[in-house]
Participant: 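A single structure is presented below for examination.
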Amino acid sequence: MPESSLHAPVLDWYATHQRDLPWRRPDASAWDVLVSEIMLQQTPVVRVLPAYVAWLARWPTPAAQAKDAPGEAVRQWGRLGYPRRALRLHAAAVAITARHDGVVPDEYEALLALPGVGEYTASAVASFAYRQRHPVLDTNVRRVLARVVAGVQYPPQSTTATERRTAVDLLPEDADTAATWGVAVMEIGAVVCSARSPRCDDCPIATLCAWRLAGRPAYDGPARRRQTYEGTDRQCRGRLLKVLREAPGPVRRSALEAVWPDAVQRERALDGLVADGLVDPLPNGRFALPG
DNA sequence: TACACGTGGAC
DNA sequence: TGTCCAAGTGT
């Protein structure tokens, strides 16, 4: 069975079933796409939607973003999570303005050099915004390929050379078709071939899926690392930054002390936020979002 | 290569 | 109710 037999059913399904998301509209700029991709890193679409609209209403171009302080980006980020992304998106806007004349670069290597842009995001922007032929390997695509091609329930913990080869092998020859293919496979992973309860009855490639053909065997490998949160430095950092975000200006140390009782952990977390550039310690002993 | 890094919704 | 999961990146 040639792998290209997957193309038509996937592309046909996407043509009629794709969600209407703002960053996919024809008039979405490369900046729009970049903002969406950074926001969507580890964050569900439904939570990104309102944040995305507000962000671009305030900063419709990289130059507009670059003119404001990084702390304003952190504040505007709100409760999306992983606020370092806000800092990096701001830094990317500065870099785009300085190095690329305010235009989001269309070359993969130039994209990869931007802060907060890794292998996936560089491919996504090159593909979705500039219609280039790049394999996009996000968690959705990796899961779909793991099931359809490899016949297993879940992909490996980190992206492997085998997965990259599979993604490249499956890429349609025509660049524009390849770009649509990428977002289409992602969409199947997001709304049909979900992690917990795949809806094989609604899947356009169910009859070609190795995992389904094998009877949907359960994941058989090393335990997937579970993420802890309660009581961690991460939770503490979130509490501290929330105080800064919601204050109109600099805050006293006492305001930070009030949200986390463990002094040792609190100081460690605060030091971490300062080291990450998310918090500015002021000479007067107060703390602020970076200026 | 593992690990750190937020937040909240679903089951 | 606690676990799992969500369009990853940087170190």
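Order of the sequence lines sets the chain letters (A, B, ...), proteins ahead of strands, with each chain counted from 1.
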Participant: Hey, which sits more toward the 5' end of DNA chain B by its nearest nucleotide, Thr232(A) or Ser158(A)?
Facilitator: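 The residue mapped nearer the 5' terminus is Ser158(A).
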
Participant: When the P atoms of dA7(C) and dC11(B) are considered, how many whole Å apart are they?
Facilitator: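 Roughly 15 Å separates the two P atoms.
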
Participant: Under the ring pair (Phe, Tyr, Trp, His ring centres under 6.0 Å) test, which residues partner Tyr14(A), sequence neighbours left out?
Facilitator: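 Tyr14(A) satisfies ring pair (Phe, Tyr, Trp, His ring centres under 6.0 Å) with no other residue.
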
Participant: Can you list the residues that meet the side chain to side chain contact (heavy atoms under 4.5 Å, CB included) rule with Ala91(A), with sequence neighbours excluded?
Facilitator: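 Side chain to side chain contact (heavy atoms under 4.5 Å, CB included) check on Ala91(A) returns Pro115(A).
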
Participant: What is the distance, to the nearest angstrom, from the CG atom on Asp276(A) to the P atom on dC5(B)?
Facilitator: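 These atoms are roughly 8 Å apart.
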
Participant: If each of Arg237(A) and Ser197(A) is mapped to the nucleotide of DNA chain B with the nearest heavy atom, which maps nearer the 5' terminus, i.e. the 5' end?
Facilitator: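 Of the two residues, Arg237(A) wins.
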
Participant: Is there a residue in residues 240-254 of chain A whose heavy atoms reach under 4.0 Å of DNA chain C, and which residues are they?
Facilitator: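 Hits under 4.0 Å, by residue number: none.
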
Participant: Please enumerate all residues that pass ring pair (Phe, Tyr, Trp, His ring centres under 6.0 Å) together with His134(A), with sequence neighbours excluded.
Facilitator: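 Partners of His134(A) under the ring pair (Phe, Tyr, Trp, His ring centres under 6.0 Å) test: Tyr108(A).
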
Participant: Considering only the C1' atoms, how many Å lie between dG8(C) and dT1(B), rounded to the nearest integer?
Facilitator: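 dG8(C) and dT1(B) have their C1' atoms separated by 16 Å.
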
Participant: Can you pull out the residues from residues 48-56 of chain A that lie within a 4.0 Å heavy-atom distance of DNA chain B?
Facilitator: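 Of all residues in residues 48-56 of chain A, none places a heavy atom under 4.0 Å from DNA chain B.
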
Participant: What pairs with His100(A) under ring pair (Phe, Tyr, Trp, His ring centres under 6.0 Å), at least two apart in sequence or on another chain?
Facilitator: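 Per chain and number, His100(A) pairs via ring pair (Phe, Tyr, Trp, His ring centres under 6.0 Å) with no residue.
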
Participant: Are OP1 or OP2 of dG8(B) and a side-chain N or O of Arg79(A) less than 4.0 angstrom apart?
Facilitator: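 Yes.
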
Participant: Send over the distance from Leu89(A) CG to dA7(C) P, rounded to a whole Å.
Facilitator: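 Rounded to whole Å, this separation is 19 Å.
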
Participant: Give every pair of a protein N or O atom and an N or O atom of nucleotides 9-11 of chain C that lie under 3.5 Å apart, one pair per line with the distance.
Facilitator:
{"unit_1": "dT9(C)", "atom_1": "OP1", "unit_2": "Gly118(A)", "atom_2": "N", "d": "2.7"}
{"unit_1": "dT9(C)", "atom_1": "OP1", "unit_2": "Gly118(A)", "atom_2": "O", "d": "3.4"}
{"unit_1": "dT9(C)", "atom_1": "OP1", "unit_2": "Thr121(A)", "atom_2": "N", "d": "3.0"}
{"unit_1": "dT9(C)", "atom_1": "OP1", "unit_2": "Thr121(A)", "atom_2": "OG1", "d": "2.8"}
{"unit_1": "dT9(C)", "atom_1": "OP2", "unit_2": "Tyr120(A)", "atom_2": "N", "d": "3.3"}
{"unit_1": "dG10(C)", "atom_1": "OP1", "unit_2": "Gly116(A)", "atom_2": "N", "d": "2.7"}

Participant: How close or far is atom P of dA6(C) from atom CE of Met186(A), stated in whole angstroms?
Facilitator: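 It works out to 12 Å between those atoms.
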
Participant: State, yes or no, whether a side-chain contact exists between Pro105(A) and Ile96(A) at a heavy-atom distance under 4.5 Å.
Facilitator: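 Sidechains of Ile96(A) and Pro105(A): in contact.
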
Participant: Given atom CZ of Arg75(A) and atom C1' of dG6(B), what is their separation to the nearest angstrom?
Facilitator: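 Rounded to the whole Å, the gap is 18 Å.
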
Participant: On a whole-Å scale, what distance lies between the C1' atoms belonging to dG8(B) and dT1(C)?
Facilitator: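 Straight-line distance between the two C1' atoms is 15 Å.
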
Participant: Verify the contact: side-chain N or O of Tyr154(A) to OP1 or OP2 of dC5(C), cut-off strictly under 4.0 Å; return yes or no.
Facilitator: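 Tyr154(A) to dC5(C) OP1/OP2: side-chain N or O found under 4.0 Å.
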
Participant: Can you list everything that forms a side chain to side chain donor-acceptor pair (under 3.5 Å) with Trp260(A)? Sequence neighbours excluded, please.
Facilitator: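 Checked Trp260(A) against side chain to side chain donor-acceptor pair (under 3.5 Å); matches are Gln265(A).
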
Participant: Taking atom C1' in both dA6(C) and dC5(B), compute the distance separating them and give it to the nearest angstrom.
Facilitator: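 Roughly 14 Å separates the two C1' atoms.
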
Participant: If hydrophobic clusters are built from ILVMFWY residues whose side chains come within less than 4.5 Å, do Trp23(A) and Val125(A) share one?
Facilitator: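 Yes, one cluster joins them.
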
Participant: Any non-hydrogen side-chain atom of Leu111(A) less than 4.5 Å from a side-chain atom of Thr121(A)?
Facilitator: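 Of all side-chain heavy-atom pairs linking Thr121(A) with Leu111(A), none is under 4.5 Å.
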
Participant: Would you say the side chains of Arg24(A) and Gln18(A) form a donor-acceptor pair under 3.5 Å?
Facilitator: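 Distance-only check fails for Arg24(A) and Gln18(A).
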
Participant: In this structure, how many angstroms lie between the C1' atom of dG8(C) and the CD atom of Gln42(A), rounded?
Facilitator: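 Nearest whole value for this atom pair: 5 Å.
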
Participant: In terms of heavy-atom contacts, does CZ of Arg79(A) have more than 12 from other residues, nucleotides or ligands at under 6.0 Å?
Facilitator: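 No, CZ of Arg79(A) has 12 or fewer neighbouring heavy atoms, counting only those of other groups under 6.0 Å.
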
Participant: Do Arg196(A) side-chain and dC5(C) base share a donor-acceptor contact under 3.5 Å?
Facilitator: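 Side chain to base: no pair present.
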
Participant: Between atom CE in Met39(A) and atom P in dG6(B), what is the gap in whole Å?
Facilitator: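 About 16 Å, once rounded to whole Å.
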
Participant: Please list residues of residues 132-144 of chain A whose heavy atoms come under 4.0 Å from any atom in DNA chain C, ordered by number; otherwise none.
Facilitator: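 Within this stretch, Asp138(A), Thr139(A), Asn140(A), Arg143(A) sit under 4.0 Å of the strand.
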
Participant: Please list, in numerical order, the residues of residues 17-27 of chain A that have a heavy atom closer than 4.0 Å to any atom of DNA chain C.
Facilitator: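 Under 4.0 Å from DNA chain C: Arg19(A), Leu21(A), Trp23(A), Arg24(A).
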
Participant: With distance as the sole criterion, is a donor-acceptor pair present between the side chains of Tyr120(A) and Gln41(A) under 3.5 Å?
Facilitator: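 Distance-only check fails for Tyr120(A) and Gln41(A).
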
Participant: What integer number of Å spans the C1' atoms of dG9(B) and dT9(C)?
Facilitator: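 The answer is 24 Å between these two C1' atoms.
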
Participant: With heavy atoms under 4.0 Å as the rule, sort Arg47(A) into base, sugar-phosphate or nothing.
Facilitator: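 Touches a base.
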
Participant: Can you tell which of Arg133(A), Gln132(A), Arg131(A) makes a side chain to side chain donor-acceptor pair (under 3.5 Å) with Asp176(A)?
Facilitator: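 Among the candidates, only Arg131(A) passes.
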
Participant: State whether the number of non-hydrogen atoms from other residues, nucleotides or ligands found under 6.0 Å of Glu107(A) atom CD is greater than 12.
Facilitator: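 Check fails, neighbour count at 12 or below.
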
Participant: Between Gln235(A) (CD) and dG8(B) (C1'), how many Å, whole number?
Facilitator: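 Rounding to the nearest Å, CD of Gln235(A) and C1' of dG8(B) are 13 Å apart.
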
Participant: Would you tabulate the side-chain donor-acceptor contacts of residues 48-56 of chain A under 3.5 Å, counting partners in other chains and residues two or more places apart, or write 'none'?
Facilitator:
{"unit_1": "Trp55(A)", "atom_1": "NE1", "unit_2": "Gln65(A)", "atom_2": "OE1", "d": "2.9"}

Participant: Is it the case that the side chain of Arg75(A) and the backbone of Arg245(A) share a donor-acceptor pair, with hydrogens and angles ignored and the cut-off at 3.5 Å?
Facilitator: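 Pair found, side chain donor or acceptor close to backbone of Arg245(A).
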
Participant: Between the side chain of Ser194(A) and the main-chain N/O of Val191(A), is any donor-acceptor distance below 3.5 Å?
Facilitator: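 A pair under 3.5 Å: no.
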
Participant: From CZ of Arg234(A) over to P of dC3(B), roughly how many Å is that when rounded to an integer?
Facilitator: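 Value for this atom pair: 13 Å.
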
Participant: For Glu119(A), what residues pass the side chain to side chain donor-acceptor pair (under 3.5 Å) criterion, not counting sequence neighbours?
Facilitator: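 Per chain and number, Glu119(A) pairs via side chain to side chain donor-acceptor pair (under 3.5 Å) with Arg164(A).
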
Participant: Quick check on Asn284(A): does its CG atom have over 12 non-hydrogen neighbours (other residues, nucleotides or ligands) under 6.0 Å away?
Facilitator: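 Above 12, so yes.
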
